[in-house]
Amino acid sequence: MAIRIITDSTSDIPKALEPELGIEILPLTLHFGETEYRDGVDIGAAEFYRRLREAKALPTTSQVTVAAFEDAFRRAKEAGDEVLCATISPSFSGTYQSACIARESVGPEGITVIDSGSASAGIAALVYLMARLRDEGRTAAEIAAVAEEKKKDVILLVALEELRYLVMGGRLAASSAFAGKVLGIKPIVSVDNGALGVVHKARGNANAQKYLAQRVQEEADLDLGLWIIHSDAPEEAQSLMTMVKKPLQRFKPIVQELGVVIGTHAGPGAVGAVYFRKS
């Protein structure tokens, strides 16, 4: 009996890494006007951000369907596998609920659904940890218990390039965005246990990256990994990596691009970090 790890495309794990990690990624659906795309399948990051820059209204996303989860769960059961499924926080999508409904429909035995409490690389961090524990020979029950405990320590921090995408999405007043632009303020947003909030306001890119690097150096359990994330901003990601690696040269961060869910609201030009807090 094998352990099959399933996640959704909001984890932003590249589809090409599915075989290497031994996981399955189920895509959300992106709607640009009347056109639908499967996240990570029909549209890549470069095309998504090109269209986002030109958009007069934000695209929307649809959760992974119950039917898609049912199909994945049934295939696993027919192969005699146990399932560990980690999804985006229900604060941001109904995908977790879809997975729970599918679990009951297929039969809950041998299927565990985990609310990651995060998004993007915050989910990826948990998936990487689960895959590592599986490869070490831990049981599904043991892995699920560790995941439920460690997900509380996952921190996602993103410094935004501009605020207009939060305004377009109705998450911020236009007056606040205007003031931020005039003053050169870079808000730093955190996702922590499903809660989204502004944790710091930096003056300019250099100070924003300095804040992120300091948080990583002070808080991150590097034995569990570090993810540098960005939205169509590879140079900013490289700059942050250099700042972080100077005093911490014994590890190699994973660079991961923000996908359509967080990327829609963060907008292009964002950069951040994901890590596990030290216990």
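Only a predicted model underlies this, so the values are computations on that prediction, with no experimental measurement involved.
By the rule that hydrophobic residues join a cluster once side-chain heavy atoms approach within less than 4.5 Å of another member, V83 and V146 end up as members of one cluster. Residues V41 and V260 do not share a hydrophobic cluster, defined by chaining ILVMFWY side chains whose heavy atoms lie under 4.5 Å apart. Hydrophobic clustering of Ile, Leu, Val, Met, Phe, Trp and Tyr side chains at less than 4.5 Å, counting indirect connections, unites I254 with I13. When the side chains of ILVMFWY residues are joined at heavy-atom separations under 4.5 Å, either directly or via intervening members, F73 and I101 end up in two distinct hydrophobic clusters.
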Worked check of salt bridge (charged side-chain N to carboxylate O under 4.0 Å, His left out) between E109 and K77: CA-CA 9 Å; E109 299 81 9; K77 280 200 161 190; 3.8 Å; yes
Audit row: D232, R53, salt bridge (charged side-chain N to carboxylate O under 4.0 Å, His left out) steps and yes/no: CA-CA 11 Å; D232 199 29; R53 283 185 172 93; 2.6 Å; yes
R50 vs E47, salt bridge (charged side-chain N to carboxylate O under 4.0 Å, His left out): CA-CA, chis, key distance, verdict: CA-CA 5 Å; R50 183 190 68 76; E47 173 67 8; 2.8 Å; yes
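A donor-acceptor pair is defined here as one N or O able to donate and one able to accept, closer than 3.5 Å; such a pair exists between the side chain of D42 and the backbone of R38.
One finds no salt bridge joining R51 and E54 here, because no Lys/Arg side-chain nitrogen approaches an Asp/Glu carboxylate oxygen to under 4.0 Å. Ion pair D39/K15 not flagged as a salt bridge, since none of the NZ, NE, NH1 or NH2 atoms sits closer than 4.0 Å to an Asp/Glu carboxylate oxygen. The pair K150-D153 meets the salt-bridge criterion, since a charged nitrogen lies less than 4.0 angstrom from a carboxylate oxygen. With respect to R215 and E218, no salt bridge is recorded, no charged nitrogen being found less than 4.0 Å from a carboxylate O. A salt bridge links K186 with E161: at least one charged nitrogen is closer than 4.0 Å to a carboxylate oxygen.
Atoms CD1 and CG, from I114 and L126 in turn, are 6.5 Å apart once rounded to the nearest 0.5 Å.
Summarising the local packing, CD of Q214 is surrounded by 12 or fewer heavy atoms from other residues, nucleotides or ligands at distances under 6.0 Å. At most 12 heavy atoms of other shown residues, nucleotides or ligands fall within 6.0 angstrom of atom CD in E235.
At a cut-off of 3.5 Å, with distance as the only test, a side-chain donor of S239 or Q209 sits close to an acceptor on the other residue.
Aromatic ring pairs are classed by plane angle as parallel below 30°, tilted from 30° to 60° and perpendicular above 60°; the pair Y37 and F32 is perpendicular.
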